[in-house]
Amino acid sequence: MRLSLNFIVEIAAAMVGTVAFSVLFGVPRRYYRYCGLIGGAGWAVYCIFSNVCDSPGASLAATMVVIFLSRLMAVRERCPATIFLISGIFPLVPGAGVYWTAYYIVTEQLRKAVETGYLAVKIAVAIVLGIVFIFELPQGLFVKLAGGKR
């Protein structure tokens, strides 16, 4: 895959959005850059995998990367993983799918509502599964990868 300007702009926007979400949720300032990098990495993986598979599959892969990096940074920085997880997952949440589902329900386009709602649910389930898969990995793995003792 060639790096295009659009791809780089999307990753930068995901990084900025993730940092903004970190500010909103009161993440300590010293973690902003890590939150941004994790959110950008997740979006990059999503973009790459969306060329290969469907949205739920790309969301699963991206979520696994976000959670893996969140746990790794949590060990490295000696803080809870949720600091990075909550803000890093932000670009992957299917907010537009939920919005369009509600819109189609209100405008009585029920077929489109079911289609978009079902896709949003599949993406949400993929995100949950990605979180569960990575949180099942032993903590010792992340301590080893972070290169330190906890």
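The chain is numbered in sequence order, starting from 1.
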**Item:** Ile86 vs Phe21 side-chain heavy atoms within contact, under 4.5 Å
**Value:** yes
Taking the six-membered ring for Trp, are Tyr103 and Trp100 parallel (under 30°), tilted (30 to 60°) or perpendicular (over 60°)? perpendicular
> Is the closest side-chain heavy-atom distance between Ile67 and Phe135 below 4.5 Å?
Replying inline: yes
Practice problem: Report yes or no: do Thr116 and Thr101 form a side-chain donor-acceptor pair below 3.5 Å? | Solution: yes
(request) Report yes if some heavy atom in the side chain of Val75 is under 4.5 Å from a heavy atom in the side chain of Gln139; otherwise report no. (result) yes
To the nearest 0.5 Å, atom OH of Tyr104 lies from atom NZ of Lys112 at 4.5 Å
Hey, does Ser22 have a side-chain heavy atom less than 4.5 Å from the side chain of Tyr31?
-> no
Report task. Walk me through it: do Leu69 and Phe84 pass the test side chain to side chain contact (heavy atoms under 4.5 Å, CB included)? Result -> CA-CA 8 Å; Leu69 292 174; Phe84 307 110; over 6 Å; no
- Message: For Phe142 and Phe68, take the angle between the two ring planes, folded into 0 to 90°, and tell me which bin it lands in: parallel under 30, tilted 30 to 60, perpendicular over 60.
- Response: tilted
Closest heavy-atom pair, Ile11 versus Gly40, reported as atoms and distance to 0.1 Å, is CG2-O, 3.8 Å
Rounded to the nearest 0.5 angstrom, the CZ-SG distance for Arg30 and Cys79 is 7.5 Å
Does Leu119 reach the side chain of Pro94, with side-chain heavy atoms less than 4.5 Å apart? no
Closest non-hydrogen atoms of Gly36 and Met15, given as atom of the first, atom of the second and distance, are O-CG, 3.1 Å
query: If we only count heavy atoms from C-beta on, is the Thr18 to Ile38 side-chain gap below 4.5 Å?
result: no
Between the CD1 atom in Ile123 and the OG atom in Ser59, the distance rounded to the nearest 0.5 Å is 4.5 Å
Considering only heavy atoms from C-beta outward, does the side chain of Leu60 approach that of Phe133 to under 4.5 Å?
yes
**OP:** Classify the side-chain pair Glu77/Tyr34 by whether it contains a donor and acceptor separated by less than 3.5 Å.
**Re:** yes
_For a 4.5 angstrom cut-off between non-hydrogen side-chain atoms, does Val66 reach Leu85?_
no
### Query
Take atom CZ in Phe49; do more than 12 heavy atoms of anything else shown fall under 6.0 Å from it?
no
